[in-house]
K.L.:
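Take a look at the following structure, please.
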Amino acid sequence: MRIGGLQKLTLLDFPEHVACTVFTWGCNLRCPYCHNSSLVLSDRIHEEGLMGEDEFFGFLRKRQGLLDGVAITGGEPLIQPDIMEFIRKIRDLGYLVKLDTNGSFPEKLRGILDEHLVDYVAMDIKSDLDGYAEATGVKDPPVDKIRESIDLLKNSGIPFEFRTTVIDELHNTEVMAAIADLIEGADRYFLQRFEDSGELIEEGRFHAPSEEKLMELLKVVRTKVPNASIRGGEIIKE
Ligand code: SF4
C-alpha cells in the first residue's frame, strides 16, 4: 500500500462522521485540473507525506474511540493491489470506511461492495462520456468501466454519492444534461466549484465558473437528479 499522506481529523470528508483521511499514492488518470498532483506525478511527490502501513495503523489504534471513520482517497485508491486487505484491516479496528474513486476499476469496486467493506462511496463524474478524454488528460479513458461503476453503485444498496468538480472551460449546459442522463436515479449528486489549490497538474488553464453559471448548471442537472446540490453552497428551492 502506498500511502501519500494522512489528515488526522476531518469533519467534512466522511459525511456525518468524525474521521481521518488517508491519501493513497498513484492514479491512472491525469486530470489537468487535479489539485493533488503530488499524489499523481512521481516528480512532485512530497516525501514528508509518505507513510508506512505500520505507522498508519499505529495511528488508528491510538485514535480508537476518538474517530469513528476513515476516508480513503487519492490519487485513485483502487489502483493499489492490496486495497481490499487494507480496508479489511481498518475495519478490524472498528472503523467505518468511506472510499473515493474515479470509477475506473469496477471489478475491484464490485468485490468491495459485495463484501460490504465500505459504508459510503464517493465517485467522481469528470464529464459526460464524450468529454472524458479532455477532462482526464488521457487519450483513451476507460469510459465503459466508468459507466459500469455508475451502475454498480446505483444497484449496490450501499450509500454513495456522485460528484463533479465544475470547471468553466469544461462544463456547460449540454455536458451537464448528458451527465444527468448518465446518473439518473442517483440520490446524491454534488457539484463542487473548482478551486485552484496551487498544486494543479496544469497550472493556469482552468477557472472556476461564476455563481450564476453554477446555478444554471444545477437547474439543468435537477431535471433528472432532483436532489442534486452544490457542495458547500445554498440549495435552490423551486
Ligand atoms: S483528480 Fe484525476 S488525476 Fe487527480 S487523483 Fe483524481 S482522478 Fe486522479
Side-chain angles (χ1 to χ4, degrees), residues 1-7 10 12-14 21-46 49-51 70-81 83 86 98-109 112 118 120-150 152-153 160-171 175 179 182-183 189-209 231-232:
M1 194 72 192
R2 300 194 75 187
I3 298 175
L6 173 66
Q7 185 179 340
T10 174
L12 299 174
D13 286 354
F14 193 164
T21 302
V22 60
F23 298 84
T24 63
W25 197 91
C27 185
N28 59 312
L29 303 181
R30 292 290 180 273
C31 310
Y33 53 85
C34 176
H35 64 274
N36 274 336
S37 62
S38 64
L39 293 167
V40 174
L41 304 177
S42 47
D43 60 351
R44 295 198 197 169
I45 283 184
H46 290 173
L50 301 177
M51 177 180 272
V70 176
I72 305 175
T73 190
E76 169 51 43
L78 298 188
I79 207 171
Q80 305 289 332
I83 185 69
F86 184 69
K98 178 214 176 196
L99 174 71
D100 289 352
T101 181
N102 64 31
S104 298
F105 302 98
E107 311 79 8
K108 277 198 177 167
L109 183 60
I112 285 168
V118 291
Y120 193 87
V121 179
M123 178 178 157
D124 295 333
I125 308 292
K126 307 289 186 187
S127 180
D128 63 335
L129 296 183
D130 288 342
Y132 250 77
E134 185 179 12
T136 61
V138 295
K139 264 196 195 142
D140 194 14
V143 288
D144 291 341
K145 291 184 183 289
I146 304 286
R147 192 192 289 277
E148 198 180 332
S149 291
I150 290 170
L152 270 176
L153 286 173
F160 69 92
E161 68 177 51
F162 296 127
R163 60 192 185 184
T164 297
T165 298
V166 182
I167 293 162
D168 200 34
E169 289 81 355
L170 295 180
H171 300 102
V175 170
I179 291 178
L182 192 63
I183 64 167
Y189 177 45
F190 295 99
L191 304 188
Q192 305 177 155
R193 196 162 183 251
F194 166 76
E195 283 180 26
D196 188 338
S197 65
E199 201 182 88
L200 306 182
I201 286 186
E202 276 188 45
E203 289 293 350
R205 185 173 154 204
F206 295 111
H207 301 89
R231 176 155 274 147

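Atoms within each ligand, like the ligands themselves, are counted from 1 in listed order.
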K.L.:
In chain order, what residues pass the ring-ring contact (aromatic ring centres under 6.0 Å, His included) check against F14, with sequence neighbours excluded?
P.N.:
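Expected list: H17.
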
K.L.:
Does Q192 form a side chain to side chain donor-acceptor pair (under 3.5 Å) with R231? I'd like the steps, not just the answer.
P.N.:
CA-CA 5 Å; Q192 305 177 155; R231 176 155 274 147; 2.9 Å; yes

K.L.:
What residues, two or more places apart in sequence or in another chain, satisfy side chain to side chain contact (heavy atoms under 4.5 Å, CB included) together with D130?
P.N.:
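D130 satisfies side chain to side chain contact (heavy atoms under 4.5 Å, CB included) with D128 only.
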
K.L.:
Any chance you could measure E134, atom CD, to S127, atom OG, to the nearest 0.5 Å?
P.N.:
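Between atom CD of E134 and atom OG of S127 there are 8.0 Å.
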
K.L.:
With sequence neighbours left out, write down each residue that passes ring-ring contact (aromatic ring centres under 6.0 Å, His included) with F86, or none if nothing qualifies.
P.N.:
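For F86, the residues satisfying ring-ring contact (aromatic ring centres under 6.0 Å, His included) (neighbours in sequence not counted) are F56, F57.
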
K.L.:
Taking 2.8 Å as the distance threshold, tell me the number of protein N/O/S atoms next to atom 2 (Fe) of ligand 1.
P.N.:
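Protein heteroatoms (N, O, S) closer than 2.8 Å to atom 2 (Fe) of ligand 1 number 1.
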
K.L.:
Look at E107 together with K145 and state whether they make a salt bridge at an N to O cut-off of under 4.0 Å.
P.N.:
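A salt bridge is present here (some side-chain N lies under 4.0 Å from a carboxylate O).
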
K.L.:
Would you mind running through ligand 1 and noting each atom that sits below 4.0 Å from a heavy atom of G75?
P.N.:
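So the atoms of ligand 1 that pass are 5 (S).
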
